[in-house]
Amino acid sequence: MTDPVLDIVDVGITYRSARGTVDAVRSATLQIAPGEAVGIIGESGSGKSTLAYSVTGWTPQADVRGRIRLAGCDIVNASEPDLRRLRGGTVSMVPQDPKKALNPSMRIGPQVVEQLRAHDQELSEAEARKRVIDLFEQVNLPRPADLFDRYTHEISGGQQQRVLIAAAISCRPKLIIMDEPTTGLDVTTSIQIIKLVRELRQSYGCALLFISHDLSVVARVSDRVVVMRHGEIVETGTTAEVFSRPSHAYTRQLIASIPREVAESGPRCEAPVVLAAENIVKQYGGGILGQARTLTAVDRVGFRLAQGETLSVVGESGSGKTTLARIVTGLIDANEGKISLGNLSLPMDPRRRSRADRQAVQLIFQNPDASLNPRQTIAQILKRPMQLYRSCPSDGMDARVAELLEAVQLPADYARRFPSQLSGGEKQRIAIARAFAAKPRVIVCDEPTSALDLSVQTAVLDLLLRLQREENVSYLFITHDLNVVRALGGHLIVMKNGSCLEAGPVSDVFRAPQHDYTRQLLSAAPVLGDIIEQMAQALQAQRH
């Protein structure tokens with residue numbers, strides 16, 4: 001019998017702080033065979049990332065108990081020099097956010113060269129450069145030799161993720177750990193990353209530990225699945241068994257939270273139009289005598305958003321959907337076009353918009369960590385829009401804060417906390433409450449659930465839909481997650497290269513897409529229920 005690449009036996013991981021101890025992982029046991037792919041799923045705080053990082057010895061502030069053996073090496077008792085030799089050579093990691101993992105002050109190629117030469121000091125600079133360019137070609141990066149000398153900000157998010165994958169396979173490790181590698185990527189880029197992972201497993205024969213909250217991605221990548229909750233492994237088995245016949249109630253809850261049916265679109269004609277855009281054009285570049293190249297980010301796009309309605313805008317990275325949202329909210333100007341708020345025309349120059357114009361259209365950002373002031377309490381954060389837009393008298397602000405916290409299902413005493421004392425899902429609820437504090441007519445939601453795990457994402461979507469019914473507010477929802485669109489219902493526009501290719505009720509577009517690109521998007525993001533049904537049929541066939 002072949003020895004496992006990774007052998008984890010009865011591992012417990014405890015973090016100690018001034019507030020006490022936290023058991024992040026309890027009695028975890030897991031083996032991964034050579035060439036096998038194992039997926040770990042579970043909500044935020046389940047311990048899945050902590051367990052994965054312990055394999056590389058990157059838990060310096062934690063007390064690790066039990067046995068972790070990687071390719072025969074004892075990780076728990078290994079010295080730092082031993083761990084450095086293992087990292088990159090025996091085990092490598094592809095983290096979630098390439099912008100944080102890649103050095104913005106270094107060109108991309110030399111960053112991978114640095115890792116190569118750390119494990120092969122006899123490799124010359126020229127040989128290392130050639131090998132990195134070959135690696136870039138293997139992960140299907142365009143113009144690898146040209147990309148070698150670029151900086152991180154000069155390539156797309158999907159390309160940045162491919163650079164990290166190239167770095168991960170550069171020393172032919174026995175195990176690759178991928179921590180949410182498709183989070184934040186559009187569906188077409190995600191499917192390319194999934195295909196790339198499969199090809200690399202076949203080419204290199206390496207084992208894979210794949211962490212994700214996207215169950216459809218895990219289902220397509222993994223041979224086996226491990227389900228974690230509150231630091232414990234509650235279920236494990238083959239991917240087909242766990243997804244088609246889950247034995248634990250928590251696993252069933254996770255699978256049930258995936259939208260399987262498209263929410264029906266409500267009648268449009270009954271409600272007045274609250275926000276409309278016509279022939280919006282946004283261009284970047286230009287220059288003297290046309291010497292510089294002009295990029296058209298939004299090209300003659302228009303839409304109508306009714307009161308109490310949701311309009312989703314979908315498309316891959318670079319399609320122009322976020323640029324359109326920023327124009328609507330007044331963060332940037334447009335070259336051409338018209339935006340109407342009810343019967344009033346909004347100035348296209350954001351500097352000319354009145355206080356009432358800005359109050360009427362609020363924004364929920366993608367990342368609450370970047371949009372909430374870490375030095376302010378939750379009460380101060382929620383009171384700020386009330387003060388700015390005079391939406392509440394001073395003597396009523398405390399009561400309004402309590403009312404908003406109750407609306408987003410958070411305790412009243414959270415008003416005294418700081419953002420750092422909240423979980424990711426709780427921070428996003430505060431961001432939602434802040435948008436509603438201004439009493440807007442339209443809320444632009446820019447990927448507000450993309451970084452959240454599945455159960456939290458479902459709770460946030462349910463919250464948004466409930467608040468919409470209660471406040472009769474309209475949503476312009478920017479997203480690349482078609483499961484989110486499926487749950488929201490309403491209407492939809494599909495964008496690519498700055499243009500609107502298709503528009504209509506979500507139910508109509510999903511059931512009978514008219515454009516080839518829309519069909520491509522839908523095929524790249526299959527419904528988890530369809531994947532599970534195929535797995536169940538395959539299991540049934542095996543039994544007979």
Side-chain angles (χ1 to χ4, degrees), residues 44 96-100 153 157 180 183-186 213 275 282 297-298 305 310-315 317-332 350 353 357-378 380-386 388-389 404-405 407-408 410 414 417-453 456-457 459-461 463-465 467-468 471 473-481 484-485 488:
S44 297
Q96 176 177 346
D97 189 350
K99 289 185 174 65
K100 292 181 180 178
H153 70 273
E180 302 277 11
T183 296
L185 301 180
D186 59 70
H213 66 255
L275 184 70
K282 178 61 181 178
V298 179
L305 177 61
T310 298
L311 174 65
S312 296
V313 184
V314 302
S317 298
S319 62
K321 58 185 187 298
T322 297
T323 302
L324 179 64
R326 289 174 176 173
I327 291 170
V328 169
T329 54
L331 292 178
I332 59 175
R353 291 194 184 183
D357 293 338
R358 293 194 299 272
Q359 177 183 1
V361 183
Q362 291 294 300
L363 178 64
I364 300 173
F365 292 94
Q366 177 177 354
N367 185 358
D369 284 320
S371 63
L372 299 179
N373 190 330
R375 297 186 177 183
Q376 291 186 337
T377 65
I378 301 306
Q380 290 172 319
I381 289 171
L382 295 182
K383 287 179 181 179
R384 178 59 180 157
M386 302 180 205
L388 183 63
Y389 299 116
L404 286 167
L405 288 173
V408 296
L410 290 176
Y414 271 44
R417 296 192 181 188
F418 289 89
S420 62
Q421 297 173 298
L422 276 59
S423 70
E426 289 171 340
K427 291 175 190 175
Q428 198 59 284
R429 288 171 183 266
I430 295 301
I432 292 169
R434 180 178 60 182
F436 277 92
K439 297 184 178 179
R441 299 171 65 184
V442 176
I443 295 180
V444 179
C445 307
D446 187 8
E447 302 274 14
T449 61
S450 65
L452 304 178
D453 61 65
V456 177
Q457 182 183 97
V460 168
L461 289 177
L463 170 64
L464 285 169
L465 290 171
L467 291 174
Q468 183 179 49
E471 303 290 336
V473 71
S474 304
Y475 293 144
L476 182 65
F477 208 99
I478 312 299
T479 185
H480 63 258
D481 190 337
V484 168
V485 178
L488 290 171

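Because only heavy atoms are used, hydrogens play no part in the values below, and waters and symmetry mates are left out as well, while side chains stay in.
Residue H480 comes nearest to E447 through the heavy atom pair ND1-OE2, 3.0 Å, listed as atom of the first residue, atom of the second, then distance. The nearest pair of heavy atoms linking K321 to T479 is CE-O, 3.7 Å. T310 and L305 get closest at one heavy-atom pair: C-CD1, 4.3 Å. The two atoms that bring P440 and A360 nearest to each other are CB-O, 3.6 Å, heavy atoms only. Closest approach of L422 and F418 over heavy atoms only: CD1-O, 3.4 Å.
For the atom pair I443 CD1 and E471 CD, the distance stands at 8.5 Å (nearest 0.5 Å). Distance CD/Q380 to CZ/R375: 12.5 Å, rounded to 0.5 Å. Considering CG of D481 and CG of L488, their distance stands at 9.5 Å, rounded to 0.5 Å. Distance check, rounded to the nearest 0.5 Å: OG1 of T322 to CG of L331 gives 11.0 Å. The structure places CG of L463 at 12.0 Å from OG1 of T449, a figure rounded to the nearest 0.5 Å. Distance CG/L363 to OG/S371: 8.5 Å, rounded to 0.5 Å.
Within a 6.0 Å sphere centred on CZ of R417, other residues, nucleotides and ligands contribute more than 12 heavy atoms. Environment of CZ in R326: sparse, with no more than 12 heavy atoms of neighbouring residues, nucleotides or ligands closer than 6.0 Å.
Residue I364 is tested with I478, L464, V460 for a side chain to side chain contact (heavy atoms under 4.5 Å, CB included); the sole match is L464.
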Item to check | L467 and V473: CA distance, side-chain angles, deciding distance, side chain to side chain contact (heavy atoms under 4.5 Å, CB included) verdict | outcome: CA-CA 8 Å; L467 291 174; V473 71; 5.9 Å; no

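No side-chain heavy atom of L404 sits less than 4.5 Å from a side-chain heavy atom of V408.
Judged purely by distance below 3.5 Å, without hydrogens or angles, the side chains of Y414 and Q421 never pair a donor atom with an acceptor atom.
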